[in-house]
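The next block holds one structure in the form of structure tokens; read it before the comments.
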Number of protein chains: 2
Amino acid sequence: MKQVTIKDIARAAGVSYSTVSRSLSGSPEISEKTRKRVLELCREMNYTANTVARSMVMKSTKLLGLIVTDISNPFMSELAYYIDGQARARGYNIVLCNSLRSLEQERSLFELMISRKVDGVILLPAESESYNTLESLLPRMPTIFVGENLRDVPESFVTVDNYRGAYMGVEYLYRLGHRRILYFGKRKGSTTHQLRSEGYRAACEELGLEPRYMNNTFSSTSIRNGYQLAQQLFSQPLRETAVFAATDTNALGILQAAEEKGIRIPEDLSLLGFDNIRDSGLPRIGLTTVEQPKKLLASMAVDSLLDKIANDQAGYTHRILTPSLVERTTCRAVSRA
Amino acid sequence: MKQVTIKDIARAAGVSYSTVSRSLSGSPEISEKTRKRVLELCREMNYTANTVARSMVMKSTKLLGLIVTDISNPFMSELAYYIDGQARARGYNIVLCNSLRSLEQERSLFELMISRKVDGVILLPAESESYNTLESLLPRMPTIFVGENLRDVPESFVTVDNYRGAYMGVEYLYRLGHRRILYFGKRKGSTTHQLRSEGYRAACEELGLEPRYMNNTFSSTSIRNGYQLAQQLFSQPLRETAVFAATDTNALGILQAAEEKGIRIPEDLSLLGFDNIRDSGLPRIGLTTVEQPKKLLASMAVDSLLDKIANDQAGYTHRILTPSLVERTTCRAVSRA
DNA sequence: ATAGTCTTCGGAAACGTTTGAGCTGCGAAA
DNA sequence: TTTCGCAGCTCAAACGTTTCCGAAGACTAT
């Protein structure tokens with residue numbers, strides 16, 4: 001697997017190797033005749049440019065780091081899909097890393113990305129504290145956070161409007177006739193959850209409802225977590241007619257627990273999620289939920305990052321996308337008896 | 001974001017830059033005193049080695065290409081998760097690409113990987129013909145195919161034993177009392193599906209059952225495809241008591257169609273899948289299915305690839321893993337009335 | 001014919017690292 | 001005292017590109 005270099009074809013074509021380089025890059029100062037001959041030789045000799053050598057001199061690898069907590073999570077893998085698409089359209093490739101939701105891992109991966117000289121990194125932070133852990137490294141690598149609202153932090157991010165999404169969610173349930181709505185899931189910790197629960201509270205106050213929380217103390221938001229908490233919830237009679245889950249994964253856990261307890265959804269209880277992960281659209285599940293515009297999130301993330309790379313001095317941008325509600329089958333109208 | 005190089009520290013430490021390099025790499029011919037001073041300086045000056053320069057001279061990027069058809073597919077994202085874990089444990093990073101199930105895309109991505117000088121590529125092929133499209137490129141890059149059985153092709157692959165898995169599946173249904181079992185899904189095209197349907201047929205013959213196929217002519221295996229085909233299936237009275245879906249995604253489509261037709265699963269019809277994607281374990285779905293050992297698949301893929309990279313001359317390896325059956329709730333025992 | 005301009009190409013430096021070969025000084029063996 | 005070996009370091013080449021600068025030749029204008 002030895003390399004055929006630009007010098008080899010230069011020798012074969014009887015020109016200098018700078019001429020070959022220029023031929024390949026489409027420089028105008030090369031005659032059609034020699035260019036043709038060079039390109040011909042390249043094909044014959046199976047030449048492929050060595051990108052790492054090019055990166056060396058160009059000081060750009062055309063690589064973007066993508067650090068996620070867990071690529072097997074459906075939300076992240078879908079995001080990764082779109083990010084790769086957009087990046088590739090812009091001439092970049094993705095180097096993927098899983099931080100496993102560990103701040104140390106995350107930091108060490110970030111350093112690795114610096115060492116690898118990727119042009120920038122897209123970070124789905126492990127926790128809201130990620131910014132603090134990484135702060136000292138950030139000046140050395142253009143970075144964009146996605147999914148977390150870093151409010152008054154001087155770094156770029158793109159996220160959905162979690163506050164508004166939650167607000168929309170309770171409005172929706174209100175219109176269906178629900179007056180007792182439980183908020184289920186994490187409340188503290190990440191700004192994401194903080195904003196969602198704030199939006200919930202604000203909507204409740206606006207509509208004259210009494211807010212009630214059921215807090216998940218677990219740090220991870222797997223289905224299992226939601227399931228365990230939901231078991232607790234269902235161990236005593238339910239006051240509410242609807243529950244608003246902080247994430248779709250939580251909602252899935254509720255679904256499971258409800259199934260086991262014989263609680264029918266939506267007949268006995270309406271269930272609303274947040275994120276619209278792919279699982280939610282599956283048959284038999286049909287979770288109605290407030291959707292994060294994942295494709296848009298992805299393309300804005302890479303566009304913002306590429307902008308930042310292009311003009312280094314430019315400050316930071318905060319982009320906040322508006323969510324939308326997708327109706328499926330887990331919420332139903334309720335008569336106000 | 002300008003770079004602190006090895007020369008900067010050399011100047012600061014008052015030594016030559018080769019001394020710095022040797023200090024960093026733990027070479028024995030450097031005195032403890034100078035090594036200490038150098039390392040100290042590195043920390044102070046925020047030095048991080050430039051990996052691309054190193055790759056240049058070492059002729060190794062410590063990068064592995066991972067080409068999948070669609071990272072948002074739960075099977076592949078789970079595999080990618082394990083692959084990344086194993087690769088990182090071995091000192092490698094992953095550059096991820098989506099071929100979008102297109103042979104041209106796949107080929108162009110493969111060329112890109114060879115231009116990027118990744119040390120090897122792990123390929124989840126777009127089609128069984130992928131080998132033909134890539135054949136001319138293969139000698140130029142260590143590659144391992146995963147998921148497809150390339151039988152008599154001189155390239156390495158690792159896959160599950162699809163034949164045996166299908167065989168096990170019908171045996172399982174037989175033991176539950178089922179005598180009329182429909183095979184549902186793709187049959188031609190990929191060797192994967194060919195082997196599965198062969199395993200089904202063999203088991204049927206062995207057990208004295210009459211095989212019946214319902215073939216999916218669509219090239220992609222999305223839920224929607226399974227759904228459409230299942231609608232067709234349910235438009236006339238069912239002769240079978242069980243259906244064996246070629247993939248879990250197909251099974252999910254059947255589930256959806258059944259739901260709409262009012263066909264209860266497993267009461268009216270037992271359903272068995274293949275792959276054990278994460279979705280199958282979801283509440284309300286609980287698809288029983290034959291499982292591909294994804295974690296093992298992943299670690300064998302990277303181990304095999306790394307072996308191949310280490311000794312280039314070594315031939316190829318074919319590894320075929322045995323599947324297992326995971327019981328959930330979509331199959332039930334049937335009385336032989 | 002001379003000067004000037006353009007076109008087309010070659011030479012060489014630079015990117016940041018690793019590493020083989022060579023150099024220096026010091027202690028020990030002869 | 002001379003020679004040798006060795007520890008500890010420096011020099012310089014090499015990896016495969018891109019690109020600035022300059023040179024040679026052809027062509028045009030005077």
Side-chain angles (χ1 to χ4, degrees), chain A residues 1-39 41-42 45-63 91 112-119 140, chain B residues 1-39 41-42 45-63 91 112-119 140:
Chain A
M1 320 224 178
K2 71 146 183 296
Q3 165 107 309
V4 30
T5 80
I6 218 172
K7 299 194 184 184
D8 296 323
I9 30 185
R11 201 175 314 117
V15 297
S16 81
Y17 58 91
S18 46
T19 301
V20 177
S21 172
R22 278 186 257 256
S23 300
L24 267 336
S25 67
S27 170
E29 48 182 356
I30 298 292
S31 71
E32 264 322 299
K33 204 174 53 178
T34 54
R35 182 194 308 280
K36 211 154 224 163
R37 189 154 44 94
V38 167
L39 293 191
L41 256 333
C42 286
M45 303 175 65
N46 270 330
Y47 170 77
T48 349
N50 182 325
T51 306
V52 3
R54 175 181 304 165
S55 300
M56 186 91 255
V57 11
M58 303 287 267
K59 296 185 159 311
S60 160
T61 54
K62 291 288 180 181
L63 242 29
L112 195 53
M113 291 303 104
I114 290 181
S115 156
R116 284 212 177 274
K117 299 289 155 196
V118 301
D119 290 352
R140 294 168 62 193
Chain B
M1 320 223 176
K2 71 149 182 295
Q3 165 106 310
V4 177
T5 80
I6 218 172
K7 300 195 182 184
D8 295 324
I9 351 222
R11 202 174 313 119
V15 296
S16 80
Y17 58 91
S18 45
T19 301
V20 177
S21 171
R22 279 185 249 258
S23 300
L24 268 336
S25 66
S27 171
E29 49 181 351
I30 299 292
S31 70
E32 264 322 300
K33 203 174 54 176
T34 53
R35 183 195 307 281
K36 210 153 224 165
R37 191 155 42 95
V38 166
L39 293 190
L41 255 334
C42 285
M45 302 175 65
N46 271 326
Y47 170 77
T48 349
N50 182 326
T51 306
V52 3
R54 175 180 304 164
S55 301
M56 187 91 254
V57 11
M58 304 285 268
K59 296 185 161 312
S60 160
T61 53
K62 290 289 181 181
L63 243 27
L112 194 54
M113 290 305 103
I114 126 168
S115 158
R116 285 211 177 275
K117 300 289 156 198
V118 299
D119 290 352
R140 295 168 62 192

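These numbers come from the heavy atoms of this one structure, side chains and all, not from hydrogens, waters or symmetry mates. On a predicted model such as this, the values are computed, not experimentally measured, just so you know. Each chain gets a letter, A, B and so on, in the order its sequence line appears, and its residues count up from 1.
- Within 3.5 Å, a donor on the side chain of B:Ser18 pairs with an acceptor on the base of D:dC11, or the reverse.
- Rounded to the nearest 0.5 angstrom, A:Lys36 NZ and A:Ser31 OG are separated by 11.0 Å.
- Within 4.0 Å (heavy atoms only), B:Val15 reaches sugar-phosphate atoms of the nucleic acid but no base atom.
- Straight-line distance from the CG atom of A:Leu24 to the P atom of D:dT18: 7 Å, rounded to whole Å.
- Close approach of DNA chain C to chain A, defined as any atom under 4.0 Å from a non-hydrogen atom of the protein, starts and stops at C:dT8 to C:dG16.
- One N or O on the side chain of A:Arg140 and one on the backbone of B:Asn46 form a donor-acceptor pair closer than 3.5 Å.
- No option in A:Val20, A:Thr19, A:Asn50 other than A:Val20 meets the side-chain contact (heavy atoms from CB on, under 4.5 Å) test with A:Ile6.
- A:Ile114 CD1 to B:Thr48 OG1: the interatomic distance, rounded to the nearest 0.5 Å, is 5.5 Å.
- In this structure, the helix from C:dA1-D:dT30 to C:dA30-D:dT1 shows an angle of 60° between the axis at its start and the axis at its end, each fitted on 5 base pairs and rounded to 10°.
- One N or O on the side chain of A:Arg37 and one on the backbone of A:Ala13 form a donor-acceptor pair closer than 3.5 Å.
- Remark on DNA chain D: of its neighbouring residues B:Met58 and B:Ser31, the 5'-side contact belongs to B:Ser31, judged by nearest-heavy-atom nucleotide.
- Toward the 5' end of DNA chain D, the nearer of the two residues B:Glu32 and A:Thr5, judged by each one's closest nucleotide, is B:Glu32.
- Panel note: side chain A:Arg35, backbone A:Ser27; a donor-acceptor pair is recorded below 3.5 Å.
- Using a 4.0 Å heavy-atom criterion, one finds that A:Ser25 contacts no nucleic acid atom at all.
- In this structure, the CD1 atom of A:Ile6 is 8 Å from the C1' atom of D:dT18, given to the nearest Å.
- The residue among A:Thr19 and B:Ala53 whose nearest nucleotide of DNA chain C is located toward the 5' end is A:Thr19.
- A:Thr5 and A:Tyr47 make their closest contact through C-CE1, 3.7 Å (heavy atoms, listed as atom of the first residue, atom of the second, distance).
- In this structure, B:Lys59 places its NZ atom 9 Å from C1' of D:dA14, rounding to the nearest Å.
- Using a 4.0 Å heavy-atom criterion, one finds that A:Thr34 contacts the sugar-phosphate atoms exclusively.
- A donor and an acceptor atom, one from each side chain of A:Ser115 and B:Thr51, are located under 3.5 Å apart.
- With no hydrogens or angles considered, no side-chain donor-acceptor pair links B:Ser21 and B:Ser18 at under 3.5 Å.
- Inspection of the B:Gln3 and A:Lys117 side chains reveals an N or O donor paired with an N or O acceptor under 3.5 Å.
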Nucleic acid footprint by protein, nucleotides 21-27 of chain D - heavy-atom cut-off 4.0 Å, B for base, S for sugar-phosphate alone: -------
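- Put simply, the side chain of A:Thr61 does not reach to within 4.5 Å of the side chain of A:Arg116, judged on heavy atoms.
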